[in-house]
Enquirer: 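Sharing a structure, written as structure tokens. Questions coming.
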Amino acid sequence: MNKNLRKTVIAGNWKMNNTRIETKKLISELIPLVKDASCEVIIGVPFTNLETAIEMTKDTNIKVAAQNCHWASSGAFTGEISAAMLKELGVEYVILGHSERRQYFGETSLTVNQRLRAALDNNLKVIMCVGESLSDRESGITQNVVAIQTKIGLSNITKQEMKDIIIAYEPVWAIGTGKTATSDQANEVNKYIREVIASIFDKETADKTTIQYGGSMNAKNADELLSKEDIDGGLIGGASLKSEDFSKIVFATK
Ligand code: 13P
């Protein structure tokens with residue numbers, strides 16, 4: 001089965017949640033709960049908690065992600081953080097192109113691509129998010145939207161570099177709404193994204209690419225979603241803030 005060709009990855013996207021004290025509590029709960037996981041486990045924490053998270057997880061199976069990085073290596077970009085700054089802290093992953101960044105902070109597929117280039121050039125691994133809005137879906141253009149986001153996001157990336165890139169399919173209408181895509185809907189789009197990756201590179205590269213689903217994934221629906229052929233993990237928002245729920249999702253992977 002092709003699923004065996006790729007790693008399964010469960011990543012928590014904490015978004016703008018958790019102070020340092022709350023971070024310490026959540027990570028101390030998580031460490032014993034997920035230590036026997038068979039999948040890769042990542043937590044995406046706010047910039048201010050990266051150092052704490054890296055220090056606390058250094059002898060564990062939990063990896064740490066930042067939630068964004070800038071494309072320039074340095075310069076007059078007030079409020080921004082460079083990929084090199086993340087790398088220096090010991091960050092392993094960076095989440096790029098999340099729909100909340102696209103929606104509220106003017107992120108475009110072009111700037112996602114620039115950030116992705118900077119991340120790879122600094123030896124960071126990337127979780128690149130794509131996904132359609134409700135009106136895109138209702139207009140029947142889901143495939144067009146995810147294809148454009150994937151193609152532009154991955155432009156000028158080599159197939160060798162794809163080993164450091166995870167794609168997260170996150171339909172905007174399913175994020176934080178409690179409205180999950182059905183496992184068939186999610187699998188259908190993930191499968192389509194894999195075809196797009198095959199068209200950019202080749203089938204072998206596509207078969208090896210981890211494609212997660214994100215959007216109201218929780219301890220109850222994770223089993224069903226993760227059993228699908230083209231769903232290789234999850235990017236979890238709300239449920240990643242509760243250690244028990246997040247670990248249930250981690251162990252829902254086969
Ligand atoms: P929820 O799991 O809260 O719907 O968020 C999903 C998400 O945006 C993860 O990046």
Side-chain angles (χ1 to χ4, degrees), residues 8-18 22 26 30 34 39-47 49-50 53 62-69 91-105 107 109 112 115-116 119 125-134 136-137 142 145-146 149-150 153 165-183 185-187 189-190 193 210-226 228 231-253:
T8 305
V9 181
I10 299 294
N13 175 9
W14 288 10
K15 309 190 181 185
M16 195 175 73
N17 290 294
N18 290 333
E22 290 161 344
L26 182 49
L30 271 179
V34 304
C39 65
E40 197 168 311
V41 180
I42 304 173
I43 50 173
V45 309
F47 288 130
N49 295 329
L50 285 169
I62 301 175
K63 300 175 178 208
V64 176
Q67 298 173 15
N68 194 18
C69 73
V91 171
E92 186 164 342
Y93 277 95
V94 59
I95 299 169
L96 294 175
H98 192 279
S99 64
E100 286 148 18
R101 301 246 24 119
R102 295 179 194 255
Q103 192 176 346
Y104 304 126
F105 304 102
E107 190 77 68
S109 295
V112 172
R115 293 176 201 272
L116 197 146
K125 296 176 190 154
V126 172
I127 298 177
M128 183 181 89
C129 307
V130 299
E132 83 287 3
S133 67
L134 184 59
D136 294 335
R137 179 161 281 265
T142 296
V145 171
V146 297
Q149 290 176 341
T150 305
I165 300 175
I166 292 170
I167 308 292
Y169 166 56
E170 299 206 310
V172 179
W173 49 271
I175 295 178
T177 56
K179 238 196 248 174
T180 328
T182 65
S183 56
Q185 279 175 324
N187 193 59
V189 182
N190 276 31
I193 293 169
T210 295
I211 306 181
Q212 299 172 313
Y213 166 78
S216 300
M217 195 189 269
N218 58 40
K220 289 207 176 79
N221 60 27
D223 252 322
E224 163 74 12
L225 286 158
L226 294 167
K228 292 289 173 180
I231 302 181
D232 311 313
L235 184 56
I236 326 296
S240 74
L241 300 172
K242 298 187 197 105
S243 53
E244 291 278 343
D245 286 5
F246 187 64
S247 76
K248 278 189 190 143
I249 300 171
V250 164
F251 287 100
T253 58

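Both ligands and their constituent atoms are indexed starting at 1 by order of listing.
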Enquirer: What does the N/O contact table under 3.5 Å look like for ligand 1?
Expert:
from: ligand 1; atom 1: 2 (O); to: Ser216; atom 2: N; distance (Å): 3.4
from: ligand 1; atom 1: 2 (O); to: Gly237; atom 2: N; distance (Å): 2.9
from: ligand 1; atom 1: 3 (O); to: Gly238; atom 2: N; distance (Å): 2.8
from: ligand 1; atom 1: 4 (O); to: Gly176; atom 2: N; distance (Å): 2.6
from: ligand 1; atom 1: 4 (O); to: Ser216; atom 2: N; distance (Å): 2.7
from: ligand 1; atom 1: 5 (O); to: Lys15; atom 2: NZ; distance (Å): 3.2
from: ligand 1; atom 1: 8 (O); to: Lys15; atom 2: NZ; distance (Å): 2.8
from: ligand 1; atom 1: 8 (O); to: His98; atom 2: NE2; distance (Å): 2.8
from: ligand 1; atom 1: 8 (O); to: Glu170; atom 2: OE1; distance (Å): 3.4
from: ligand 1; atom 1: 10 (O); to: Asn13; atom 2: ND2; distance (Å): 3.0
from: ligand 1; atom 1: 10 (O); to: His98; atom 2: NE2; distance (Å): 2.9
from: ligand 1; atom 1: 10 (O); to: Glu170; atom 2: OE1; distance (Å): 3.1
from: ligand 1; atom 1: 10 (O); to: Glu170; atom 2: OE2; distance (Å): 2.9

Enquirer: Report the residues that fulfil side-chain contact (heavy atoms from CB on, under 4.5 Å) with Ser216, sequence neighbours left out, ordered by chain and then residue number.
Expert: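 Ser216: side-chain contact (heavy atoms from CB on, under 4.5 Å) contacts with Thr177, Thr180.
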
Enquirer: Taking side chain to side chain donor-acceptor pair (under 3.5 Å) as the definition, give me every residue that meets it alongside Thr142, ordered by chain and number, with sequence neighbours left out.
Expert: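 Residues passing side chain to side chain donor-acceptor pair (under 3.5 Å) with Thr142: none at all.
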
Enquirer: Do you know which two heavy atoms are closest between Val250 and Val34, and how far apart they sit?
Expert: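 That closest heavy-atom pairing would be CG2-CG1, 4.1 Å.
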
Enquirer: Report the residues that fulfil side-chain contact (heavy atoms from CB on, under 4.5 Å) with Gln103, sequence neighbours left out, ordered by chain and then residue number.
Expert: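 With neighbours one apart ignored, the set is Val172.
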
Enquirer: Only one of Gln67, Glu107, Glu170 passes side-chain hydrogen bond (donor to acceptor under 3.5 Å, both in side chains) with His98; say which it is.
Expert: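 So, applying the side-chain hydrogen bond (donor to acceptor under 3.5 Å, both in side chains) to His98 and each of Gln67, Glu107, Glu170, only Glu170 qualifies.
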
Enquirer: Under 4.5 Å between any side-chain heavy atoms of Leu50 and Val64, yes or no?
Expert: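 Leu50 reaches Val64 side chain to side chain.
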
